[in-house]
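None of the values given here were measured: they were computed from a predicted structure.
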Amino acid sequence: MNATNGVESDTENVEVDSADRDLSAEANDRNVANARGQAWSVFGWAMLAGLMIWASLPPLWFWPLAIGGVVPLVMLVQRKEWSVARPYRQIWLASLIHCLMVYHFIRLSHWMAFLGWFALSFYLSFYLPLFVATARVLVHRWKWSPLIAVPVVWLGLEWIRGHLLTGFTLGQLAHALTYQTTVIQIADLVGDYGVSALIAFWGACIACGLGLGMDRPASGRRKGLSLGLLAFSLLGTLGYGAWRLGTPVSDSTPTAKVAIIQGSIDTIFPTSVEEDRAYWTSIETQYRERTRNLLKETGAIDLILWPESKFTRLHVFPKQGIPLAPTEQLALEQRQVEYEAFALQTQGLLEQEEVVDWVQNRASTSPIDLREFREWSAEKRERFTPMLVGCQATTHDMANFYNAAVFLDEKDEVASHYFKMHLVMFGEYIPGASAFPLLYQLGPVAGGLTPGEQPMVIQAGGLKFAPNICFESTIPRVIRAQVRDLKQAGNEPDVLVNLTDDGWFWGSSALDCHFATHVFRAIENRKPVVVAANTGFSAVVTGRGEVAMRGPRRSEATLLAEIRGESLQSPYFWLGDWPAFLCAMGVVGVMVIGGWLHRRDRRKAAG
């Protein structure tokens with residue numbers, strides 16, 4: 001009897017142990033499944049945000065997704081606990097995929113640019129996990145409302161991105177609203193960084209208003225407050241935009257008639273002398289013929305614009321304060337003769353054969369100097385139309401090379417020049433190449449360029465024009481500083497001019513991304529922006545951010561516009577990015593403190 005009971009008891013214990021093991025295995029499976037689900041949900045929500053923001057930018061331009069794309073990020077911010085290891089690695093991976101999709105055009109210019117594409121995307125991909133981590137510290141440790149934490153952190157990080165490593169702002173959240181002209185008028189208060197923060201605020205309002213991503217249901221009061229703030233800010237933004245767009249412009253303000261020559265020559269890197277000659281000849285032919293046809297068909301023009309580097313003669317100038325030897329002076333003048341003669345040829349006022357005949361029939365056998373050439377071509381110069389052209393420039397000893405905008409006045413004489421001040425890293429110089437010159441042999445940059453030191457203003461018609469070159473227009477602080485410096489010197493420009501060669505990007509969405517920055521620079525400074533772009537988009541944008549005219553993508557065009565000065569004022573021009581700067585410093589502080597607190601908590605848990 002006792003033996004039988006013992007056997008039965010052992011059997012029951014075995015069954016219980018087996019059941020416990022089954023339950024334990026089921027629980028473990030559920031935990032593993034939950035952990036995998038959490039990991040996938042972190043990556044999935046981050047990936048959804050990246051895809052939505054990508055779709056809001058070019059080439060799709062579905063701008064409402066810029067607001068919607070913030071919502072999954074706010075959900076990640078609001079989730080108090082994550083049971084998955086290394087969730088920020090998931091967010092970073094989604095961010096990297098997003099950046100590779102948005103900035104795919106970087107790879108198009110040269111085989112080495114594939115490395116640049118990945119390096120840029122790798123660098124930018126850290127901003128999204130930094131945003132989530134910093135906002136979570138504010139929300140969960142310091143009990144900030146997401147309605148405040150989300151836009152503040154977004155604003156601060158965009159400012160950092162616009163300054164760190166010389167700054168890169170293409171593809172900002174604000175640029176999704178490029179063609180929503182009424183909404184983006186607020187950029188004259190807060191800049192494009194502020195518009196991005198406003199979009200982030202709207203996304204936070206939607207997430208909080210719908211109670212998304214919260215560990216426990218939100219109260220009706222909190223939901224109502226979030227949706228009420230969303231409605232109030234939307235109406236306020238639209239109202240301000242309508243008021244600014246309705247501000248009248250005087251018909252008595254000065255004007256200038258401007259012609260923009262847009263060629264379509266994709267950037268290539270010839271591998272032989274023959275290819276090189278054919279490439280540059282095609283550029284000369286295309287831009288020369290368009291200019292000649294324009295002048296045949298059109299009356300008086302105040303200014304003709306050629307894009308960056310498309311005036312194929314080298315502008316050589318003497319170094320200041322250094323006297324030239326007679327042979328150096330003669331060589332310099334012969335370069336200047338070549339430059340001015342080419343300008344006359346582009347307008348059909350002089351042919352190369354005429355120059356050859358004149359040289360051969362001269363009575364003197366001495367080398368040609370600049371004064372003699374100008375006297376001989378004086379009659380032709382009387383019909384010359386002023387030009388602002390993009391070209392390469394160098395000092396007489398060829399010690400320094402510049403990316404230049406050169407102004408040829410009504411006498412076909414070089415009246416002034418502007419040298420690009422904000423150079424593109426890896427495009428116009430390579431860090432460390434001064435110590436290791438072999439680096440220039442690996443990429444498309446033959447040698448580093450020298451940055452310019454000051455902005456320039458030219459007078460054409462009744463207006464003053466301030467040129468900038470290529471991606472300078474993508475950095476808000478660069479253009480604002482140039483306008484501010486010119487204003488302080490008593491030479492405030494009426495119009496901003498961007499000369500750019502976007503043929504590097506073969507008609508891709510880079511053209512749209514670059515164009516978006518012109519719209520925001522016009523509103524921020526409340527000045528018209530005129531763009532002369534190889535392969536597009538050449539354009540005229542008013543000081544209200546309205547696109548008055550725009551050339552085609554990757555096609556030739558000639559744009560003729562009467563530009564009118566606008567007497568609009570911009571609070572952003574006076575205030576600048578101080579609010580964004582303060583947010584950026586706050587973000588850095590939160591990162592440092594948050595990281596220290598996290599390490600302290602881990603030490604306590606381990607002890």
Worksheet entry | Heavy atoms from other residues, nucleotides or ligands near CZ of R221 exceed 12 (cutoff 6.0 Å) | no

Worksheet, complete the sentence: Minimal heavy-atom distance between A113 and S109, with the atoms involved, is CB-OG, 3.6 Å

Worksheet item: Should we say atom CD of Q488 is surrounded by more than 12 heavy atoms from elsewhere, each under 6.0 Å from it?
Response: yes

Worksheet, complete the sentence: For H518 and S473 the tightest heavy-atom approach is CE1-OG, 3.1 Å

Practice prompt. Mark yes or no for whether W117, through its side chain, and Y103, through its backbone, hold a donor-acceptor pair below 3.5 Å.
Written response: yes

Worksheet item: Looking only at heavy atoms, what is the nearest atom pair of T166 and M425, with distance?
Response: CG2-CE, 3.9 Å

Worksheet entry | Over all atoms of both residues, closest heavy-atom pair of A94 and F43 | N-CE1, 3.9 Å

Fill in: Shortest non-hydrogen separation from H175 to G171 and the atoms involved
ND1-N, 3.6 Å

Practice prompt. Answer yes or no: is there a side-chain heavy-atom contact under 4.5 Å between I184 and T178?
Written response: no

Worksheet item: Just by distance, do the side chain of E472 and the backbone of I469 share a donor-acceptor pair under 3.5 Å?
Response: yes

Practice prompt. Please confirm whether the backbone N or O of S125 pairs with a side-chain atom of S95, one donor and one acceptor, at under 3.5 Å?
Written response: yes

Discussion item. Tell me whether T169 contacts the main-chain N or O of T474 through its side chain, where contact means a donor paired with an acceptor under 3.5 Å.
Written reply: yes

Item to complete: Before accepting this row, confirm whether a basic side-chain N of the pair D188/R244 lies closer than 4.0 Å to the acidic partner's carboxylate O.
Response: yes

Worksheet entry | Side-chain heavy atoms of R222 within contact of C208, under 4.5 Å | yes

Worksheet item: So W92 and F126, would you call those rings parallel, tilted or perpendicular, with 30° and 60° as cut-offs?
Response: tilted

Worksheet item: Quick one: are V529 and V531 in side-chain contact, heavy atoms under 4.5 Å?
Response: yes

Discussion item. So, taking the atom named CG in L120 and the one named CG in L165, what distance separates them when rounded to the nearest 0.5 Å?
Written reply: 10.0 Å

Worksheet item: Should W154 and L73 count as side-chain neighbours, where that means a heavy-atom distance under 4.5 Å?
Response: yes

Worksheet item: Is the side chain of R526 donor-acceptor paired with the backbone N or O of G543 at a distance under 3.5 Å, no angle test?
Response: yes

Item to complete: Using distance alone, with no hydrogens and no angle criterion, decide if N525 and Y572 have a side-chain donor and acceptor under 3.5 Å apart.
Response: no

Worksheet item: With a 4.0 Å cut-off, would you call R521 and D192 a salt bridge?
Response: yes

Worksheet, complete the sentence: Rounded to the nearest 0.5 Å, the CD1 atom of I475 sits from the NE2 atom of H422 at a distance of 4.5 Å

Item to complete: Indicate yes or no: at least one non-hydrogen side-chain atom of L245 is less than 4.5 angstrom from one of T181.
Response: yes

Discussion item. Under a 4.0 Å threshold between the charged nitrogen and the carboxylate oxygen, would R480 count as salt-bridged to D485?
Written reply: no

Worksheet item: Heavy-atom distance under 4.5 Å between the side chains of V150 and F201, does that happen here?
Response: no

Fill in: Any W54 side-chain heavy atom under 4.5 Å of L60 side chain
yes

Discussion item. Apply ring pair (Phe, Tyr, Trp, His ring centres under 6.0 Å) to residues W82 and Y88 and explain how you reach the verdict.
Written reply: CA-CA 10 Å; W82 286 336; Y88 292 107; 5.3 Å; yes

Worksheet item: Would R161 count as a cation-pi partner of F168, with NZ or CZ less than 6.0 Å from the six-membered ring centre and within 45° of the ring normal?
Response: no

Worksheet item: So with a 6.0 Å cut-off around OH of Y123, is the heavy-atom count from everything else above 12?
Response: yes

Item to complete: Please check if the side chain of S121 supplies one atom and the backbone of F118 the other of a donor-acceptor pair under 3.5 Å.
Response: no

Discussion item. Check the orientation of W142 and W144. Use parallel for under 30°, tilted for 30 to 60°, and perpendicular for over 60°.
Written reply: tilted

Worksheet item: So, H514 side chain and C470 main chain: donor-acceptor pair closer than 3.5 Å or not?
Response: yes

Worksheet item: So, E492 and K527, do they make that salt bridge, N to O below 4.0 Å?
Response: yes

Worksheet item: Would a 4.5 Å heavy-atom cut-off, applied to side chains only, mark F465 and V457 as touching?
Response: no

Worksheet item: CD/Q569 to CH2/W574 distance, rounded to the nearest 0.5 angstrom?
Response: 7.5 Å

Worksheet entry | Under 3.5 Å: donor-acceptor pair, side chain of S56, backbone of F62 | no

Fill in: Within 6.0 angstrom of R86 CZ, more than 12 heavy atoms from elsewhere
no

Response to the item:
Nearest heavy-atom contact between A584 and I160 is CB-CG1, 3.8 Å

Item to complete: Please check if the side chain of D494 supplies one atom and the backbone of K464 the other of a donor-acceptor pair under 3.5 Å.
Response: yes

Practice prompt. Please test Y179 against W61 for ring pair (Phe, Tyr, Trp, His ring centres under 6.0 Å), starting from the C-alpha separation and ending with a verdict.
Written response: CA-CA 9 Å; Y179 298 105; W61 282 120; 5.2 Å; yes

Fill in: Donor-acceptor pair, side chain of T134 and main chain of L130, under 3.5 angstrom
yes

Discussion item. The test is side chain to side chain donor-acceptor pair (under 3.5 Å); show your working for S196 and E158 and say whether it passes.
Written reply: CA-CA 8 Å; S196 292; E158 282 217 349; 2.9 Å; yes

